[in-house]
2 protein chains.
Amino acid sequence: MADSTLDRFDRAILAILQEDNTTPQRRIGELVHLSTAAVQRRIRRLEQTGVIQANTAQLDPARLGRAITLIVEISVESERLDLLDATRARLAAAPEVQQCYYVTGASDFVLIVTVTTMAEYQALTRRLFFADGNVKSFRTHVVMDRIKTGTRIPVD
Amino acid sequence: MADSTLDRFDRAILAILQEDNTTPQRRIGELVHLSTAAVQRRIRRLEQTGVIQANTAQLDPARLGRAITLIVEISVESERLDLLDATRARLAAAPEVQQCYYVTGASDFVLIVTVTTMAEYQALTRRLFFADGNVKSFRTHVVMDRIKTGTRIPVD
DNA sequence: GCCTCGATGCAACATTGTTGCAGGATCATC
DNA sequence: GATGATCCTGCAACAATGTTGCATCGAGGC
């Protein structure tokens with residue numbers, strides 16, 4: 001899982017798949033100037049070596065009733081490893097928690113949360129924050145506009 | 001693009017595609033108890049109506065050299081609409097900015113940024129924050145652990 | 001009860017993905 | 001500088017998957 005340097009072909013393929021992984025391999029081959037077989041083998045290698053972690057559909061949260069997005073900063077009481085790990089596991093397990101980062105700075109965790117109603121969020125805070133003895137405080141930002149979302153990263 | 005209520009079949013299909021959109025329609029049909037043709041037509045409708053916004057490969061940032069993730073909170077001087085829009089556009093256009101939210105609370109924008117080196121981040125702050133007259137201040141959290149990432153949302 | 005509308009399953013068909021094989025480039029070794 | 005090993009390529013046959021036409025079924029309105 002170490003080196004496997006990516007050449008410009010790999011990067012070009014990744015750039016395409018990152019935008020639309022339903023692009024036919026034949027089309028990718030035309031774009032990057034390789035045969036479909038070569039494209040196919042490179043994609044398989046990228047998947048097996050973990051460069052490509054998953055192939056997923058991006059859904060519109062609003063259309064699924066989850067119109068509210070929140071960003072939450074959490075501060076913990078103690079940085080003791082076992083307590084941190086417990087909190088970490090609890091946060092990651094919650095389906096409403098879309099993303100969770102352990103960070104430096106004023107807070108310890110930053111979450112991105114999606115809910116259908118503020119009542120649901122209130123319930124979540126009770127279940128996830130107040131019930132967790134190690135959560136000292138949390139600060140909530142309500143998202144008014146999701147200007148840019150996704151997991152796209154530059155490939156060059 | 002309005003109603004188009006999602007029944008339990010749609011939701012079951014979305015749950016699968018959100019995990020792995022390379023799952024064959026035949027397999028999806030078995031799982032949700034529909035014919036492949038029905039699955040195929042539903043997926044097409046979900047794509048056309050925008051419930052499915054994109055089909056993308058999820059890449060490992062570390063394997064592409066972007067080992068550093070940062071979360072940045074930005075406060076602006078003025079909430080004047082034209083100034084806000086200019087800042088918003090500038091932030092969204094930066095490829096290093098993976099996600100960008102306009103939020104309530106102590107800060108105005110929250111960004112998720114990926115870079116290869118801290119020097120690159122420093123350059124980004126100059127280009128994006130210091131050069132923008134309307135950015136009053138920003139606070140940076142360095143991500144030590146990406147506990148949970150992605151765009152997965154509950155479908156039920 | 002009859003009609004329309006929308007969705008379904010089946011089956012033929014089109015497209016796309018996969019694999020075996022032979023050949024070409026690169027690199028270390030001699 | 002030749003030699004062989006290794007890796008990657010393209011081509012072509014093949015397998016798997018996606019797509020569409022058609023007949024049928026069920027729900028709701030008249």
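So that the names make sense, note that chain A is the first sequence line, chain B the second, and so on, each numbered from 1.
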Quiz item: Among pairs that include at least one residue of residues 114-136 of chain A, which meet salt bridge (Lys or Arg N to Asp or Glu O under 4.0 Å), considering only residues two or more places apart or in two chains?
Solution: Arg66(A)-Glu120(A), Arg90(A)-Asp132(A), Glu96(A)-Arg127(A)

Exercise. For Glu73(B) and Glu73(A), run side chain to side chain contact (heavy atoms under 4.5 Å, CB included): C-alpha distance rounded to whole Å, both residues' side-chain angles, the deciding distance at 0.1 Å, then the answer.
Key: CA-CA 11 Å; Glu73(B) 297 180 58; Glu73(A) 297 181 59; 3.0 Å; yes

Quiz item: Between Ile13(A) (CD1) and dG17(C) (P), how many Å, whole number?
Solution: 13 Å

Exercise. Could you tell me whether Asp7(B) and Arg42(B) have a side-chain N and a carboxylate O separated by less than 4.0 Å?
Key: yes

Quiz item: Between the side chains of Asn21(B) and Asn55(B), is a donor N or O closer than 3.5 angstrom to an acceptor N or O?
Solution: yes

Quiz item: What parts of residues 21-29 of chain A reach DNA chain C, counting only heavy atoms under 4.0 Å away?
Solution: Pro24(A), Gln25(A), Arg26(A)

Quiz prompt | the helix from dG1(C)-dC30(D) to dC30(C)-dG1(D): angle between end helix axes, five pairs per end, rounded to 10 degrees | solution = 30°

Quiz item: With a cutoff of under 4.5 Å between side-chain heavy atoms, which Ile, Leu, Val, Met, Phe, Trp and Tyr residues group with Val76(A)?
Solution: Ile68(A), Leu70(A), Val72(A), Ile74(A), Leu84(A), Leu91(A), Val97(A), Tyr102(A), Phe109(A), Leu111(A), Val113(A), Val115(A), Met118(A), Tyr121(A), Leu124(A), Leu128(A), Phe129(A), Phe130(A), Val135(A), Phe138(A), Val142(A), Met144(B), Ile147(B)

Quiz prompt | Distance, nearest 0.5 Å, that separates CZ of Arg88(A) from CG of Leu83(A) | solution = 12.0 Å

Quiz item: Is the shortest distance from a Lys or Arg side-chain nitrogen in Arg8(B) or Asp156(B) to a carboxylate oxygen in the other one below 4.0 Å?
Solution: no

Exercise. Could you check how far CZ of Arg8(A) sits from P of dT9(D), rounded to whole Å?
Key: 11 Å

Dump the pairs, protein N or O against N or O of nucleotides 7-9 of chain C, anything under 3.5 Å, distances to one decimal.
residue : atom : partner  : partner atom : Å
dT8(C)  : OP1  : Arg42(B) : NE           : 2.9
dT8(C)  : OP1  : Arg42(B) : NH2          : 2.7
dG9(C)  : OP2  : Ser35(B) : N            : 2.8
dG9(C)  : OP2  : Ser35(B) : OG           : 2.6
dG9(C)  : N7   : Arg41(B) : NH2          : 3.3
dG9(C)  : O6   : Arg41(B) : NH2          : 3.2

Quiz item: Salt bridge between Glu30(B) and Arg27(B), side-chain N to carboxylate O under 4.0 Å?
Solution: yes

Practice problem: Treat each ILVMFWY residue as a node, draw an edge where side-chain heavy atoms are under 4.5 Å apart, and state whether Val143(A) and Leu59(A) are in one component. | Solution: no

Quiz prompt | Distance in angstrom units between Gln40(A) CD and dT18(C) P, rounded | solution = 4 Å

Practice problem: Please state how far atom CZ in Arg44(A) lies from atom C1' in dT16(C), giving the value in whole angstrom units. | Solution: 16 Å

Quiz item: Residues two or more places apart in sequence or in another chain: which of them pass side chain to side chain donor-acceptor pair (under 3.5 Å) with Asp20(A)?
Solution: Thr22(A)

